[in-house]
Protein chains: 2
Amino acid sequence: MYSQSEENYLKAIYHLEESSEKGVSTSKLSEELQTKAASVTEMLKRLAEKKLVNYRKYYGVSLTPEGKSWALAIIRKHRLWEYFLVECLNFNWDEVHEVAEQLEHIQSKKLVEELDCFLGRPSFDPHGDPIPNAAGVLPEFKKRRLSEFKVGDTLICKGFSDASSSFLQFLDQHKIGLNTLVSIKSIQEFDESMLVKVGNNEIMLSKTATQNIFVERNKESKIKERA
Amino acid sequence: MYSQSEENYLKAIYHLEESSEKGVSTSKLSEELQTKAASVTEMLKRLAEKKLVNYRKYYGVSLTPEGKSWALAIIRKHRLWEYFLVECLNFNWDEVHEVAEQLEHIQSKKLVEELDCFLGRPSFDPHGDPIPNAAGVLPEFKKRRLSEFKVGDTLICKGFSDASSSFLQFLDQHKIGLNTLVSIKSIQEFDESMLVKVGNNEIMLSKTATQNIFVERNKESKIKERA
DNA sequence: TAAAATTTTTAGGCAAAACTAAATAATTTT
DNA sequence: AAAATTATTTAGTTTTGCCTAAAAATTTTA
Ligand SMILES: [Mn+2]
Ligand SMILES: [Mn+2]
Ligand SMILES: [Mn+2]
Ligand SMILES: [Mn+2]
């Protein structure tokens with residue numbers, strides 16, 4: 001229906017709309033997609049022609065409902081394939097993204113639905129990112145960063161906002177993954193770095209790191225708190 | 001490494017080289033790929049440039065060792081994905097080809113090898129076509145057509161050379177699939193159509209049909225013959 | 001608010017991969 | 001062996017998606 005390139009633009013616009021308040025600019029897009037601004041302008045005109053985006057010259061772009069639903073369909077496929085690669089094919093979570101970037105463009109309604117079913121309709125991908133359902137609806141979840149908590153809190157890792165291979169490998173090294181329990185031992189005042197306990201080890205996390213780790217309060221510790 | 005279009009040309013040349021004695025002509029390729037002869041000529045020049053084919057103007061084309069090994073890699077992926085779709089995702093054998101045409105172009109050594117392993121290193125795809133191993137070697141097997149046999153022979157279906165959806169659905173209707181037992185009851189002299197028994201039903205197969213069904217002698221009936 | 005800096009768009013090209021129409025080579029017929 | 005037919009290649013376009021350089025609009029700064 002749409003070309004790979006068009007789909008990549010839709011996805012990029014979706015992600016940038018999510019992560020920033022204002023509209024999406026040509027330069028942000030060109031950075032995200034590793035292309036020149038002139039190429040972006042051209043593509044935006046084509047996408048506007050096809051009613052996938054609202055584009056006003058010089059004032060950025062936003063997705064139409066049609067564009068958004070198409071973007072969510074791509075993201076759904078991307079995350080389902082990532083889940084498949086990790087759960088079925090022994091991929092590590094830091095090596096799935098590239099392949100999923102290719103697989104997300106495969107066109108087949110039946111393929112996606114059967115894959116979803118085969119995998120047991122997962123709600124989150126290996127990085128903790130939510131998987132939209134067939135209707136494009138994301139599962140409910142709250143995003144709080146490890147950096148927002150204080151000494152004594154015990155938390156469960158639920159996602160990571162920097163998906164770079166180096167960050168994921170760093171997490172692996174320190175045995176931090178999805179659903180890992182982390183408790184905060186101390187916080188350095190001058191740079192907000194945290195000393196946390198993971199399993200039996202204590203490790204130091206910079207603020208950059210703690211801002212990129214999404215967590216949920218541990219139920220057990222919640223009970224303790226109330227008690 | 002190579003574009004989807006280039007890969008489709010390599011695959012088409014491979015298949016045409018297999019199925020015909022002489023070299024592969026521009027017109028055969030244009031027919032196979034549903035494009036115009038002029039487009040084929042252009043592409044052949046590009047592929048020759050890249051040392052994937054031997055191309056002599058006006059005299060057709062053949063694959064170089066490099067081209068052949070690339071073609072086999074694509075075919076390997078195509079057939080592994082078809083196997084996956086049928087075995088894991090509830091696809092029927094007549095609906096896998098289109099999707100496999102897309103999946104075969106996904107680039108990832110690890111993906112193919114892990115998929116192969118996950119599926120249990122199958123030797124034949126859902127249509128009975130042989131799956132090359134990682135080194136590009138095809139499993140041993142002998143191709144004999146149902147049309148070559150005579151009254152009284154009992155055979156096991158091992159493959160089908162016409163992969164059209166309509167033929168596969170015809171086979172489904174008559175409960176003929178991979179490893180189905182078929183015994184020849186009678187053969188009409190004037191058109192060579194066969195009356196065969198499949199399960200408890202007797203059905204009539206035209207010569208066109210029997211020529212497109214690959215079979216193996218049934219071991220049991222072999223023993224009977226000798227006895 | 002006018003000048004400077006930055007961002008975005010336009011204009012003009014390029015490469016891949018397709019097409020049509022015309023030219024040319026190969027093959028078949030007479 | 002020449003003519004007719006068929007197959008193949010060449011030439012010239014088109015579309016997609018990218019590029020650089022130049023022009024224009026917006027935003028920032030003074
Ligand atoms: Mn990813
Ligand atoms: Mn992910
Ligand atoms: Mn197939
Ligand atoms: Mn097949």
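A quick note: this is a predicted structure, and the numbers were derived from the prediction, not measured. Numbers restart at 1 for each chain; the letters A, B, ... are given by sequence-line order, proteins then strands.
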Peer 1: Can you measure A/Y2 atom OH to D/dT16 atom C1' for me and round it to whole angstrom units?
Peer 2: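 After rounding, the gap between these two atoms is 16 Å.
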
Peer 1: Taking the six-membered ring for Trp, are A/F84 and B/F84 parallel (under 30°), tilted (30 to 60°) or perpendicular (over 60°)?
Peer 2: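 Aromatic pair A/F84/B/F84 classed tilted.
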
Peer 1: With a 4.0 Å heavy-atom cut-off, tell me which residues in residues 38-54 of chain A come close to DNA chain D, sorted by residue number.
Peer 2: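 Of all residues in residues 38-54 of chain A, the ones placing a heavy atom under 4.0 Å from DNA chain D are A/A38, A/S39, A/E42, A/M43, A/R46.
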
Peer 1: Within this structure, what is the CG-to-P distance between A/N8 and D/dG17, rounded to whole angstrom?
Peer 2: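 In whole Å, D/dG17 P lies 10 Å from A/N8 CG.
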
Peer 1: Is the ring pair B/W81/A/W81 parallel, tilted or perpendicular, if the boundaries are 30 and 60 degrees?
Peer 2: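 B/W81 and A/W81: perpendicular rings.
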
Peer 1: From OH of A/Y58 over to C1' of C/dT7, roughly how many Å is that when rounded to an integer?
Peer 2: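 Going from OH in A/Y58 over to C1' in C/dT7 covers 9 Å.
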
Peer 1: Given A/L111, which partner from the list A/D116, A/L80, A/L103, A/I106 fulfils the side-chain contact (heavy atoms from CB on, under 4.5 Å) test?
Peer 2: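 Output: one option passes, namely A/I106.
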
Peer 1: What is the separation between atom CZ on B/R56 and atom P on D/dA7, rounded to the nearest whole Å?
Peer 2: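 From B/R56 CZ to D/dA7 P: 19 Å.
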
Peer 1: Taking the six-membered ring of B/F91 as reference, does the cationic atom of A/K110 (NZ for Lys, CZ for Arg) lie under 6.0 Å from its centre and within 45° of its axis?
Peer 2: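 Yes - A/K110 lies over the ring of B/F91, closer than 6.0 Å to its centre and within 45° of its axis.
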
Peer 1: Does A/S5 make a side-chain N or O approach to OP1 or OP2 of D/dC18 shorter than 4.0 Å?
Peer 2: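 So the side chain of A/S5 is within the cut-off, an N or O lying under 4.0 Å from OP1 or OP2 of D/dC18.
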
Peer 1: Does B/Y55 make a side-chain N or O approach to OP1 or OP2 of D/dT9 shorter than 4.0 Å?
Peer 2: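 Yes, within the criterion.
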
Peer 1: Between C/dT10, C/dT8, D/dC19, spot the one nearest the side chain of A/K57, thanks.
Peer 2: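 Among the listed nucleotides, the one closest to the side chain of A/K57 is C/dT10.
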
Peer 1: Using distance alone, with no hydrogens and no angle criterion, decide if A/S25 and A/S27 have a side-chain donor and acceptor under 3.5 Å apart.
Peer 2: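 A/S25 vs A/S27: donor-acceptor pair found between side chains.
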
Peer 1: Determine the minimum heavy-atom distance between B/C157 and B/G177, stating which atoms define it.
Peer 2: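 Scanning both residues completely, I find the closest heavy atoms to be CB-O, 3.4 Å.
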
Peer 1: Determine, step by step, whether A/E17 and A/K28 satisfy the salt bridge (charged side-chain N to carboxylate O under 4.0 Å, His left out) criterion, reporting the C-alpha distance in whole Å, the side-chain angles of both residues, the deciding distance to 0.1 Å, and the verdict.
Peer 2: CA-CA 11 Å; A/E17 268 188 327; A/K28 276 270 168 263; over 6 Å; no

Peer 1: Tell me if a side-chain donor or acceptor on B/T64 pairs with a main-chain N or O of B/L52 at a distance below 3.5 Å.
Peer 2: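 At least one qualifying donor-acceptor pair exists.
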
Peer 1: In this structure, how many angstroms lie between the P atom of D/dG17 and the CD atom of A/Q4, rounded?
Peer 2: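 My rounded result for the distance is 10 Å.
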
Peer 1: Quick check on D/dT9: is either OP1 or OP2 less than 4.0 Å from any side-chain nitrogen or oxygen of B/Y59?
Peer 2: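 False: B/Y59 side-chain N/O out of range (4.0 Å or more) of D/dT9 OP1/OP2.
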
Peer 1: As a quick check of understanding, evaluate salt bridge (charged side-chain N to carboxylate O under 4.0 Å, His left out) for A/E101 and A/K11, giving each step before the final call.
Peer 2: CA-CA 11 Å; A/E101 285 291 308; A/K11 202 171 43 130; 3.0 Å; yes

Peer 1: Please give me every residue in residues 14-35 of chain B whose heavy atoms get under 4.0 Å of an atom in DNA chain D, ordered by residue number.
Peer 2: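 Contacting residues: B/S25, B/T26, B/S27.
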
